[in-house]
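By convention in this document, chain letters (A, B, ...) are assigned in the order of the sequence lines, proteins followed by strands, and residues within each chain are numbered from 1.
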Amino acid sequence: MAETISTMPKAFDHRLVEQKIYERWLQSGAFTPTIDSNKKPFTIVIPPPNVTGELHYGHAMFVAFQDLMARWHRMTGQPTLWLPGTDHAGIATQNVVEAALAKEGLTRFDLGREKFVARVWEWKEKYGNLINLQLQRLGASVDWTRERFTLDEQLSSAVRVAFVTLFEKGLIYQGNYIVNWCPRCTTVLSDLEVDHEETTGKLWYVRYPLIPVDQSKTEPDYVIVATTRPETMLGDTAVAVNPGDERYLGLIGRRVSLPFIGRVIPIIADNAVDPDFGTGAVKVTPAHDPNDYEIGRRHNLPEINVMNLNGTINEEGGPFAGMDRYAARRTMIDQLDQNGLLERVEDHVHSVGHCSRCGTTVEPMISKQWFVKIEPLARPAIEAVRNGQIRFVPERFARIYFNWMENIRDWPISRQLWWGHRIPVWYCDACNEIIASVETPTTCPKCQGSTLHQDPDVLDTWFSSGLWPFSTLGWPKDTEDLRYFYPTSVMETGYDIIFFWVARMIMFGLEFTGKPPFDVVYLHGLLRDEKGEKMSKSKGNVRNPLDMIEKYGADALRYALVTGSTPGNDVKLSEEKLEGARNFANKLWNAARYVLTTGESPSSAPNGADLSTADRWILSRSSRTTADVTRLFEEFEFSEAGRILYEFVWNEFCDWYIEIAKIQLRLDDEARQATTRWVLFNVLEDALKLLQPFMPYVTQAIWDFLPNRRDLLIVASWPTPGPVDDAAENELALVVELIRAIRNVRAEFKVDVARRIPAVVAAGNHQATLDRERTIIESLARVNPFDVSPEVSPRPQPALHLLVGGVEVYLPLAGMVDLEAERERASTEITRLQAQITGIEQRLSQPGFIAKAPPAIVDRERERRESLLEQVTKLQERLAALA
RNA sequence: GGGCGAGUGGCUCAGCCGGUUAGAGCGCACGGUUCACAUCCGUGAGGUCACAGGUUCGAAUCCUGUCUCGCCCACCA
C-alpha cells in the first residue's frame, strides 16, 4: 500500500484523502468488533441524533470525543463497539414536519394520521441518511452493521415490553392530573419540556362580590384577589386566604359570586396562601394552576376546565366560549373595568412556561394521561451513582443529578402526537377493560369482546431513548451482543440532557436489566459560537460542520473541538482555532515528508550505545509523551492529551529533533545516519499512533507513505512507553538553552542570520557535554569557531557575555561590543538574580520552612540558591573585568 | 428562593488534590524566500492570576466573604 514520497503533496490536502480513507476503513471491517470472551470490550452507544435535521457543531463535538475513545480503545486491542443510530424524536420531528407542511398551506389534520406519519417517515429517510453521511465525513468509526433507529421493529418491541412490564408492576398508571399543556402542539408536556422565562406581565386586582349574610353596613361588599391570568377565573371554584391572616378571619366560610359566571364559591383557608402577596386573598382555579390544584384536592373543590385543547375558552366560559384565551383575557379585563370590578393593575415580573419545542405559552390543565410512578425507579438510580457503580465526569454533575432525582415527580409519558411509539394499551368497547399488551390483542380477556381500540396517544420520545443502551443491543432478547457489550463503558453526552436522558437510562437500565447501563458518564461542554452564544437555528449562528470540514478538514475540526477545553465547560469555537488545528495537521504532514526524504529506516533497532544524546533525548521525550497521553486518556483528560501531543510534535520533534537530525544526517558517518533515520521513523510512528484518535485522516494518510505498511493505522497497536533517559534530557536541555541564548543576542544585536560568529565557552563541568554536542551547537546557533574549555583565561575582551546555567559564553563580536552596555547588561542580570536569591533566602529562613517543607523541596531551594550564587559570582567577575 | 460554573497577558483558554522564574494558541513587534512546512522559521514585548480577609513554612491553586458574567433548578397567585 505504501506510496512513494514523490506523490506526497507539499501541503496536506484533506480533500484528496478523507473520503478514500473512510472507504478503506469501512472495507477493512475495523469498525465491527470481533466478540472475544477473553477480552473486555469497550462499548459506546451513540447519543442518537434527532432526525429533525442535519447534524450541527454540537454533534460534531460528541463525535470527536466518542471517536477518540473508540479509536484509542480499539488500538489497545479491546473489541470496540461504537454503535450508531438515530432518534425519531417524537414532538420535535413532528413539529418540523408540520412546519414544512405549513409552507404548503397544510396541517397534519388535512393529511390525517396515516398520511402524516408517512410524511414523517419520508423526512426521517432523508435526514437519517444525511446524518449518516455527516458522521462518515467526520470520520466516525461506528459499526454500521449495528445501526439502529428508535422506531425499528426490534426497538419498538422493546418499548412495548418495557411499558407492559412497568404496567404490570403497577409503575405505570393512568390519571387525571394537572399537567403542562401546549395548545399549539395540542399535547401534554413533561416539566422538562417546559422552558421558563422571566416575563413582565400584569397583576390584575379583581373584586369578587361577597354574598351578604346580613345587611350591616360595616362589612365590605367584595373580596379583592390578584391574578396574572384573569381568563382562568372562569374556572374558579374558591377564594383562599391564609388561616392566620387576621384581615380575613371573619370572611372564611363566607361566599363570593364569581363575576361573569355568577357561580357562588366559598372563601376557604389554606396555608399555601402567602398573606404578603397581592391582597392575601387568592382565586383558586384547580383545573388551571398547579398550586390551586393542590388546594382544590385538599378542600374537595370542583375542578372546572374552561379551556379547549387548542387554548380557546370552552362552554364553561359562558359568554367567552370560543374565544382564544388571550382575547378572552382582554375582553374580560375591559368588562371588569367597565363594571367597576377592576381595582387596579400592576406590572409584575414572573416566570412563564413555554413549550420548549414551539415557544407557545404553556397552559396548566387537568388532563387524563399515562404516568410512570418514578420514585421506585429513582431510588436505585440514585444509589447506583452514590455507590460508585456509575461515575460522572466531571464529578460535580453527580450532585446536580442527585438534586433532581431526589425531588423527582411522576413522569407523564403519554403524548397527544402522531409520531412515535403508540401506547400499547387497548380499551374494550364492551366493558371498558384496559388491556396493556406487547402483542396486539384480539379479544378482551375480561368479557371476550372483540371490539377493541388502541389508545391513540404515543409515548414521550424519551421513553424509548431511556432504553437505548440495551434496546440497541437486542433487549429484551438475550442476545450475544447484549451479553457481551452490555453494560456499556462510557456514556458521552452533553450536560444539558442529564435529566432528559441520562437519568432515565440509569433508571430503566437498572429496572429492566438489573445493571447500570454504563460505567462512566462523560459530559462535554456545550458548543458556543465565537461570541459565546449558544448555537441555535433561531439565532442563525449554526454552521454545518460539513462546511468547516470542507475548509479545514475533519481532523482540524475534531482536534479543535476536543482541545482547549475542560470537561463540562462550554467551548467557544472560532475559525482561528480551526486554522490552528489545520496548521498542526499540516505540520505533522510536513514532518513526515521530511522523515520520508531521509530514506528508509533500518530494519533493526540500533544498539543503544550508538544513539546520540539528541536521539536518546527525543526517544525519552516520546516515551514520556506516550505514558502521559495514555494516563490522560484513562483520566478522560483529552484536551490535555491533545495539548501535550501538539507540544511534543511541534516544539520538540519538529523544532529540535528534526533540525538536529539534519545535522546528524549530513555527517559522513553511515552508522550515525542509519541510527538517525531509525529514530526519526520510530518517533514519527509513535506520534502517528498517539494522534490517530484525534486526527485519524492525516495520520492514516501519512501512514500510507511509510515503507512496509500493510495494515491500517486504525488497527495498529497502541504504543507502550519505553524508558526515560533523564541524563539525555538534562544534557539536551542545556544545549537548547545555550543555543537559544546565543540566538537571542544575535537577534538583539541584529547579527546577520547567515553570519557565523566565534564563541568562547567556559564550560565548567559541562565540558564533556558541550564538546560532544558541538556540531549541533555550531550549526543551530551559527557559531564558529566554538571554543570550549573548562575555564577561559584570559577572558576574551571585548566580547558579549552570556551565562547559561553554569556555562559562560563569550561572543567577541568585533565592533559591536559597547562596554558600557555590557556593564549594564551584566548588572541588570545580577539584579535579577539577586532578587531571586533574596526570594529563596527568605523562604529558607522562614520559621518552619526547613522543619515542615518536604526535604526534596528544601534541597531544591538550596541547590537553586547555590546555582544562582555561582552565576552572580561569575557575573560580578565579568563586571570587574569590564571596569 | 436554592444550586453550579466562570473571572489568569489585547483575544480564546490551560494550569487550580499548594512547592522553581504562572503556560499555550491567536494577535502584536523585530528579523528571516537554501536543502519538510510562509498552513513556515528565529527572537522578543506583554500578566498586582476579579477584590478583601484567612489557613499555611509556602496560595493562581485550600477556606470565608464581596463584586461581575453565564447557566441550571423551583407549584412567585
Notebook entry, point to check: Where the side chain of A:Arg864 is defined as all heavy atoms beyond and including C-beta, which of B:rA77, B:rC75, B:rU21 is the nearest nucleotide?
Noted result: B:rU21
Note to self: What contact category does A:Arg740 fall into here, base, sugar-phosphate, or nothing, at under 4.0 angstrom with non-hydrogen atoms?
What the structure shows: sugar-phosphate
Checklist line | Check ion pair A:Glu303-A:Arg297 (N to O, under 4.0 angstrom) | finding: yes
Check: Hey, can you pull the residues of residues 268-286 of chain A with a non-hydrogen atom under 4.0 angstrom from RNA chain B?
Finding: A:Val273, A:Asp274, A:Phe277, A:Val282
Check: When the distance from CG of A:Leu523 to P of B:rC72 is rounded to whole Å, what number comes out?
Finding: 15 Å
Item checked: P gap between B:rG19 and B:rU61, integer Å -> 10 Å
Next item on the list: State, to 0.1 Å, how close A:Arg247 and A:Gly280 come at their nearest heavy-atom pair, and which atoms those are.
Entry: NH2-CA, 3.8 Å
Next item on the list: Kindly write out the residues that satisfy side-chain contact (heavy atoms from CB on, under 4.5 Å) with A:Ala641, not counting sequence neighbours, or none if the list is empty.
Entry: A:Val629, A:Leu632, A:Phe633, A:Phe694
Check: Under the 6.0 Å and 45° cation-pi test, does A:Lys662 pair with A:Tyr594?
Finding: yes
Item checked: Distance in angstrom units between A:Met405 CE and B:rA74 P, rounded -> 14 Å
Check: In the 5'-to-3' direction, what one-character label does each nucleotide of nucleotides 1-16 of chain B receive under the scheme B = base within less than 4.0 Å of a protein heavy atom, S = sugar-phosphate only, - = no such atom?
Finding: ---SS------SSSS-
Item checked: Whole-Å gap separating P (B:rC73) and CG (A:Leu192) -> 7 Å
Check: If you write RNA chain B from 5' to 3' in dot-bracket form, with Watson-Crick or G-U pairs under 3.5 Å, [ ] for crossing pairs and | for pairs with another strand, what do you get?
Finding: ((((((((.[[[[.)...(...]]]].(((((.......))))).....[[[[[..)....]]]]])))))))....
Acceptor/donor pairs from residues 232-241 of chain A side chains to any protein atom, 3.5 angstrom cut, sequence neighbours excluded:
residue	atom	partner	partner atom	Å
A:Thr232	OG1	A:Arg229	O	2.7
A:Thr232	OG1	A:Lys283	NZ	2.7
A:Asp236	OD1	A:Lys283	NZ	2.9
A:Asp236	OD1	A:Thr285	OG1	2.6
A:Asp236	OD2	A:Tyr208	OH	2.5
A:Thr237	OG1	A:Pro302	O	3.0

Next item on the list: Mark up nucleotides 25-39 of chain B, 5' to 3', with B wherever a protein heavy atom is under 4.0 angstrom from a base atom, S wherever such an atom reaches only the sugar-phosphate, and - elsewhere.
Entry: S----S-----BBSB
Notebook entry, point to check: Which comes earlier along RNA chain B counting from the 5' end, the contact point of A:Phe849 or that of A:Ile739, where each point is its nearest nucleotide?
Noted result: A:Ile739
